[in-house]
Amino acid sequence: RPPTSVCCAAAAAAPAAGGFAMDIADTLSDPLTLLRRFTMTKQPVKLVGDYLVFGRVRFPRAAPTAYRASTKGKPFYPVDALWFLLQKQSLKPGEYLRECTSNQMMPVSRPDQRALLAYLNGTADSSPAIDMTGATIVTAEPVPADEGATSAAAPMELDEPDDLEDAQAREEAAAAVAKAAAEKEREEAAGKAALAALLAGPHAQVAVEADGGADAADGDGGGGGGAEAAAPDGDGKKKKSKNMMGAAKAYIKADRAATAAILKREKTLRDRRAILCAPGVSSFQSVTHILEAFKAQQKALEREEQKARRDRSAAKPPPQPSSSSTSSRPRAGSSSSKAAPPASAPPAGKAPKPVATIVVPAAITSAVNLWNVSQLLREKRWISPVELKQSGAAKPAEIKLEHCFEDGSRARFLVIENANKLSEAEWRNVACVIVQGAAWQFKGWPFKSEADLFTKVLGVHMRTRDETPNQLVKSWNVEKYAFSKEKVNQHDVAVTVSSFWQAVHKSMTVQKPHLLMKPHQLS
């Protein structure tokens with residue numbers, strides 16, 4: 001990364017003289033972080049001309065930091081303003097403003113001073129005013145060789161205590177800061193061990209110690225922790241993983257600011273969408289041949305299954321009438337004779353196959369309706385309903401389809417748009433409602449409210465990515481999907497349809513299991 005390379009070049013030119021503070025200077029070009037580290041570790045920071053010198057690197061004194069002011073416009077404070085506040089932190093507000101005016105420094109507003117000093121001195125780990133992502137990237141410069149000796153030897157200019165009480169107070173504050181830093185370092189080490197245990201998997205046995213030798217991964221002490229560690233699964237395992245994740249948070253949060261600054265300097269070259277693009281290629285014949293062969297194989301298997309099912313049905317002998325039914329058969333010519341059952345009726349003792357219902361919007365402006373739902377759910381292709389209507393295509397009254405889920409179970413579906421004619425029994429077979437985003441779609445339905453509807457029936461809202469999200473849909477408990485309507489991004493539609501069927505299968509398994517046909521029920 002270009003900003004980091006400058007700091008690394010400075011580190012290669014001369015050895016580090018500031019311990020951990022110089023490690024930060026060598027790896028991260030961030031004046032706010034460097035000023036905090038140098039202040040906490042009592043490393044000298046010197047104003048030399050128009051630069052603030054941090055060991056072997058320096059920043060322009062007007063370089064903006066990631067600390068926002070609370071004043072109008074919320075500008076970023078320059079690094080020299082924060083450094084000057086550290087120099088004059090013991091002055092009264094009026095004296096501090098006069099010093100800023102005489103030295104041509106930007107004053108830090110009084111509401112910001114307490115939180116800013118707490119962060120720079122190390123008593124606070126972070127501050128809401130820090131905005132690493134919005135701050136301007138500032139490149140550190142190596143200190144020239146002729147200025148390095150002078151700036152390194154010059155002490156940091158701090159206000160000297162006026163009396164012994166101030167000196168003791170500063171010593172106590174420094175001791176408190178050192179103790180807090182040591183405690184934080186210990187928590188980070190324990191968090192690092194806990195995170196390593198989580199990443200290693202459920203079989204790793206890593207002891208993460210916290211205060212007083214207690215197990216940081218188990219909050220209930222040694223006795224409870226042993227029982228949880230021995231449990232391979234169940235509530236004990238879940239509780240242990242949760243406690244270990246809590247212990248790992250200290251390590252995860254430790255370098256959040258540094259990580260944000262590093263990520264801001266990174267440039268994404270390719271993502272998962274860019275990988276799918278192939279410049280100069282208009283067709284993928286090899287992939288198309290594989291897909292067509294797979295589709296042909298699936299159709300052949302379906303034909304064989306249907307033929308075998310018909311053969312088994314034809315081979316079954318017709319049911320023999322019982323003696324009671326023979327004796328009670330009415331005489332020929334009697335007015336009470338009943339017509340024989342139709343040939344298409346299901347065999348005696350076998351219930352008809354269940355059919356699930358999917359309700360779609362009736363409006364042509366909806367992204368999914370009876371015009372295009374067949375192409376969407378069967379072929380995983382989205383075509384605009386308006387285009388289909390303009391091309392002269394007829395809108396079907398209903399659509400019947402069958403879908404095989406990943407676990408081998410199947411379901412037959414009837415797609416309709418008018419649900420007001422459904423009976424109470426037919427409403428029990430409604431598996432999904434695709435919503436448009438208007439409450440009038442549910443007018444006349446046997447539900448108290450939208451919340452009652454989507455508690456009993458799966459709700460789905462589909463839109464194209466260029467459509468504005470519906471504000472009413474955001475308050476509903478429905479699955480929300482957005483896909484690209486561009487033809488070059490049809491894979492996006494396929495992913496959306498696959499997610500839709502997964503949601504339907506999950507909902508039917510819990511709420512409508514009678515609509516699913518298991519593999520042994522398909523014959």
Does any non-hydrogen side-chain atom of [Y] lie less than 4.5 Å from one of [X]?
X: Tyr77; Y: Arg68; answer: no
X: Arg110; Y: Pro93; answer: yes
X: Pro361; Y: Ile434; answer: yes
X: Met106; Y: Cys100; answer: no
X: Val359; Y: Val457; answer: no
X: Tyr67; Y: Asp131; answer: no

How long is the gap from [atom1] on [X] to [atom2] on [Y], to the nearest 0.5 Å?
X: Leu388; Y: Trp371; atom1: CG; atom2: CH2; result: 7.5 Å
X: Ser374; Y: Arg381; atom1: OG; atom2: CZ; result: 9.5 Å
X: Lys299; Y: Lys295; atom1: NZ; atom2: NZ; result: 7.5 Å

Closest approach of [X] and [Y], non-hydrogen atoms and distance?
X: Met508; Y: Ala356; answer: CE-CB, 4.2 Å
X: Ile383; Y: Gln375; answer: CD1-CG, 4.1 Å
X: Gln511; Y: Thr455; answer: NE2-O, 2.7 Å
X: Leu516; Y: Ala411; answer: CD2-CB, 4.2 Å
X: Ser507; Y: Leu458; answer: OG-CB, 3.5 Å
X: Asn470; Y: Gln436; answer: ND2-O, 4.4 Å

Within a radius of less than 6.0 Å around CZ of Arg378, do more than 12 heavy atoms belonging to other residues, nucleotides or ligands occur? yes

NZ/Lys485: more than 12 non-hydrogen atoms of other groups inside 6.0 Å: no

Thinking salt bridges, do Lys506 and Glu479 make one under a 4.0 Å N-O criterion? no

Check against side chain to side chain contact (heavy atoms under 4.5 Å, CB included), Lys456 and Trp427: CA-CA 10 Å; Lys456 301 175 181 178; Trp427 267 111; over 6 Å; no

Could you tell me whether a side-chain N or O of [X] sits under 3.5 Å from a main-chain N or O of [Y], the two making a donor and an acceptor?
X: Ser475; Y: Leu472; result: yes
X: Trp445; Y: Leu453; result: no
X: Ser423; Y: Glu426; result: yes
X: Lys480; Y: Val478; result: yes
X: Gln390; Y: Glu387; result: no
X: Asp452; Y: Phe447; result: no

Results of side-chain contact (heavy atoms from CB on, under 4.5 Å) for Asp407 - residues two or more places apart only: Phe405, Ser409, His505, Lys518

In chain order, what residues pass the side-chain contact (heavy atoms from CB on, under 4.5 Å) check against Ser126, with sequence neighbours excluded? Ile130

Can Asp112 and Ser109 be said to form a side chain to side chain donor-acceptor pair (under 3.5 Å), step by step? CA-CA 5 Å; Asp112 297 338; Ser109 62; 2.9 Å; yes

Quick check, are the ring centers of Trp501 and Phe413 under 6.0 angstrom apart? yes

May I ask you to check whether Phe454 and Phe442 place their ring centers less than 6.0 Å from one another? yes

What verdict does the salt bridge (Lys or Arg N to Asp or Glu O under 4.0 Å) test give for Glu417 and Lys395, after you've listed the backbone C-alpha separation in whole Å, the side-chain angles of each residue and the deciding distance to 0.1 Å? CA-CA 11 Å; Glu417 66 178 18; Lys395 183 178 74 170; 3.3 Å; yes

Within 45° of the axis and under 6.0 Å from the centre of the six-membered ring of Tyr119, does NZ or CZ of Arg36 qualify? yes

Would you say the side chains of Glu467 and Thr464 form a donor-acceptor pair under 3.5 Å? yes

Going by distance alone, is a donor N or O of one side chain under 3.5 Å from an acceptor N or O of the other, for Tyr481 and Ser499? no

Checking side chain to side chain contact (heavy atoms under 4.5 Å, CB included) for the pair Glu406/Gln502: CA distance, chi angles, key distance, verdict? CA-CA 8 Å; Glu406 295 180 354; Gln502 291 175 3; 3.5 Å; yes

Derivation and outcome, side chain to side chain contact (heavy atoms under 4.5 Å, CB included), residues Val360 and Ile416: CA-CA 6 Å; Val360 298; Ile416 63 174; over 6 Å; no

Taking side-chain contact (heavy atoms from CB on, under 4.5 Å) as the criterion, tell me which of Val138, Val79, Leu120 meets it with Leu32. Leu120

Between Phe54 and Phe59, how do the two ring planes meet: parallel, tilted or perpendicular, split at 30° and 60°? perpendicular

Show your working on side chain to side chain contact (heavy atoms under 4.5 Å, CB included) between Leu117 and Leu85 and close with a plain yes or no. CA-CA 8 Å; Leu117 289 173; Leu85 176 65; 3.9 Å; yes

